[in-house]
Amino acid sequence: MSTQTWAYISNGLVYSTIIVLAVALVAFAADLAVGTGRRRSDAAKQRRTSLARQASGGGAAVVTVVSEEAPADQRWARIGISLTTLAATLSVAAVITRGISAERPPWGNMYEFTLTAVATLLVIWVAMLPKRPEWRELGLLVVLFNLLLLGVAVLVLYRESAELVPALKSYWLWIHVSAAIIASSVFTVGSLASVLYLFSERYERRAIAGSTGGVRDAIGARLPASDQLDKVAYQTIAFAFPLWFFAVVAGAVWAEGAWGRYWGWDPKETWAFVTLVIYAAYLHARATAGWRGRPAAIIAIVGLAAFLFGYFGVNIFFVGLHSYGGV
Amino acid sequence: MPADAINALTDADSEVAPPRQPSLGFVGGLRWMWRQLTSMRTALILLFLLALGAVPGSVFPQRGASPLRVGEYLQDHTTVGPWLDRLGLFDVYAASWFAAIYLLLMVSLTGCILPRCIQYARNIRAVPPATPRNLSRMPEHRAFETDATVAEVVDSAEATLRSARFRLRPRTLRDSAENVDGSVAAEKGYLHELGNLVFHVSLLVLLVGVAWGSWFGYHGTVVIVEGEGFANTLTQYDDFVPGRGFSTSLLAPFSFTMDEFDAKFLEDGPNRGQPDQYTADVTYSENPGADLQTERIEVNKPLNINGSKVFLLGHGYAPVFTVRDGNGDVAFSGAVPALPQDPTFTSTTVVKVPDAQPEQLGFNVTVAPTAPKQVDPTTGPQSTFPEANDPRVYLGAWAGDLGLDSGVPQNVYQLDSSAMEQLGREDLAVGETWELPDGRGSITFDGLAEFANVQVTYDPGRWLVLLAAVAAMIGISLSLLVRRRRVWVRATRDGQGRTLVEVAGLAQTEWAALAQEVDAVAAALPCAPMVVEEQK
Ligand code: HEM
């Protein structure tokens, strides 16, 4: 098959991914509407307390706890997960076919970075579900976020598949870009969990005060318990931070080889640095009295905003060496 | 979750502001300030300021990267421009306020890290603290009964924990009239703290490396036409940026000749005309008299001469002309680099011939490496492809006074025609000659050479920076992957001859694997229960 055909197939797969994700979005919205998230996390909490009680009672040798969830509650989430799994597969296929059509790894311009990031994010999310069931609660936001990314990719960033510019012809590109894509995907999961945290925590606070009401609390009431979301955020960001650090260092090594300096405060570099420092601030906030919880969550969200600005904003608004995107 | 117990594990939290005493005195005041500066809260705020402070450098043009754009900005914004300049916003990363932020952060870091390093060294052999009274308050807790004796349980717990490489506190066994009880306290994951310290210390070292490199390093650029040479001395550079500690002895005495330069562009496909590869073949010697060596420089593949690196930054065309004056003498001969104006390398330059007789001559030159079939009168000549497939030059000739003797430095790419008279226009292919009107001479377009814009950099700190960055990476990974945690086992024998066994665990931060670890310890004890199961 000709490279054109492969590019054509890749585009078709991207559109299919968008359609499947859109349907998954509806399913996750329905899941939120029936409010299974908080029920799931409450059930998990009850399990914990009953285990602790039985354990300190000193009696039971074997404790078996049957999940209290009714299967009907799970229906929408399950549909959403299946569809997202399908979308993940389609997007991976889109990345691979794009690579075949360009005859190189498909990481040469902003369109391809974005496509690969979407595939990575979806695959990470789906693959982590068996190990981290609480990630399920992020489904709605993960799907929404990826839909937006794909929309921007198709409408704004699209480029015909082609050769790399000379500066990108380096194996450091693959090292740097793959680390950056994985790290940013995981950061995204963490920061999205922090978004949910804000809703959930607000609801819990106001529920204690007995003054809930309004859309935000209605959403908060349906989300999992805030401490669980906080945990997801911390674990993901703690994982992504060293990887992002590595991506930045790999970028610096490459820049040293390509431009003669490892760091030049090019806008892209500046925003990678800003993102790193903000997530470092998040990790600090988690260890500082008075900054845990809400302030830390807000810092994590600012971190994602900085990342997104560095990713899209810099190519759109500023002139720099990294303007390979053609945007 | 018992927050106080967690805090006991988290050193970082022990810095709650000290109670204010009424009269601290001067020393006390200083100490108070120091404690504030090295607190986690201050570090957090400084981190924010650092992020915030870095932003304007991406918003406004920077002197270091694009001095021309700074000039344009100042011309376009006559009111805010000078204010922004006063605030250092055109040179953010060299501004004193930016330096203040990162230096304060580094002082704070030193003040925070040094005591922790000392404490770490001191505690390197310390035993874990004693088993707390109430284990059921711990986030992970298992309990079961067994017929084994307390001593058997404690023996087995010690063996299990030791083989899992926990650090153990010597057992406590108590034997009273009606009760025998014994407990083991164990701790693991000290690499967390070590990694954290290595990370933070490496950040300090990294900054030292950056400072070292920018103090004793330099970089400079020079335009070299194919066939010409370069010797690494100050006068040869078009533009040179030394560090503050620079002296000419730091210029390595190398030299090279650019034998051939070649730029390739995509010939077809959607991105036709996009650069494909640049290569420069050079012959160099490390110092005068040393052997000549040849090397090919490419994008991403600089030439490294004992730590000085030679890069290709860009390239362009240099038309070669021979100019004869009215007397028939050769008044000028050579290649003139032209500035590329667009992606197809339509380039412009000027030729100044001060030695021409009877009058000085000047030429405005537009170069099209691949000439258009027809020149669009509104845009002027525009090249149709970046490679030199069909080169053509478009000339405007002037005669009169070039104004070179006025003492005002002139731009080599601009012609001051205020005291000159236009002679006419002509365009030439390679080898063609234009006879100027009124017997003022002629100009011959001999050919199109290529030039490379070459950068030479020397940064003696870069190895230290790389080393520190790698150490920081290892440190932060250890710190974030390893969790410090404590596990306790207590066995209590009651009056009825049964032994109650409790196993509990506490991790410094949330850690999903703690439950499995506690389960595993519990399962290894004599007559352990089947591990608590959940059915979904
Ligand atoms: C130069 C800027 C700094 C950066 C980029 C940075 C980065 C980090 C990161 C990423 C962590 C997370 C590691 C972990 O959770 O184990 C951390 C932890 C920590 N940092 Fe910093 N840090 C900086 C400056 C400082 C300063 C100035 C202080 C002292 C006031 C400090 C004290 C700490 C402490 C005590 C922890 C451990 C927190 C914990 O136990 O979780 N750091 N730092």
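Because the structure is a prediction, the values reported are computed rather than measured. Here is the naming used below: chain letters follow the sequence lines, and residue numbers restart at 1 for every chain.
In terms of heavy-atom pairs under 4.5 angstrom with chain A, the leader among B:Asn304, B:Leu50, B:Val92 is B:Leu50. Among the candidates A:Phe241, A:Trp263, A:Trp172, the residue making the largest number of heavy-atom pairs closer than 4.5 Å to chain B is A:Phe241. Of the residues considered (B:Val465, B:Leu135, B:Thr457, B:Leu44), B:Leu44 shows the highest number of contacts with chain A, using heavy-atom pairs under 4.5 Å.
A:Ile278 CD1 to A:Ile299 CD1: the interatomic distance, rounded to the nearest 0.5 Å, is 9.0 Å.
The neighbour count for B:Tyr73 OH, taken as heavy atoms of other residues, nucleotides or ligands under 6.0 Å away, is above 12. Within 6.0 Å of CZ in A:Phe239 there are 12 or fewer heavy atoms belonging to other residues, nucleotides or ligands.
Proximity to chain B involves both the backbone and the side chain of A:Glu256, based on heavy atoms less than 4.5 angstrom apart. Proximity to chain A (any heavy atom under 4.5 Å) is restricted, for B:Arg483, to the side chain, taken from C-beta onward. Neither the backbone nor the side chain of A:Leu243 has a heavy atom closer than 4.5 Å to any heavy atom of chain B. For A:Val302, no part lies near chain B; criterion is any non-hydrogen pair under 4.5 Å. For B:Val210, the parts lying near chain A are the backbone and the side chain together; criterion is any non-hydrogen pair under 4.5 Å.
By the 6.0 Å and 45° rule, B:Arg462 does not stack over the aromatic ring of A:Tyr262.
Remark: the A:Arg98 side chain and the A:Asn11 side chain contain no N/O donor-acceptor pair separated by less than 3.5 Å.
A salt bridge does not link A:Asp230 to A:Arg292: none of the charged side-chain nitrogens sits closer than 4.0 Å to a carboxylate oxygen.
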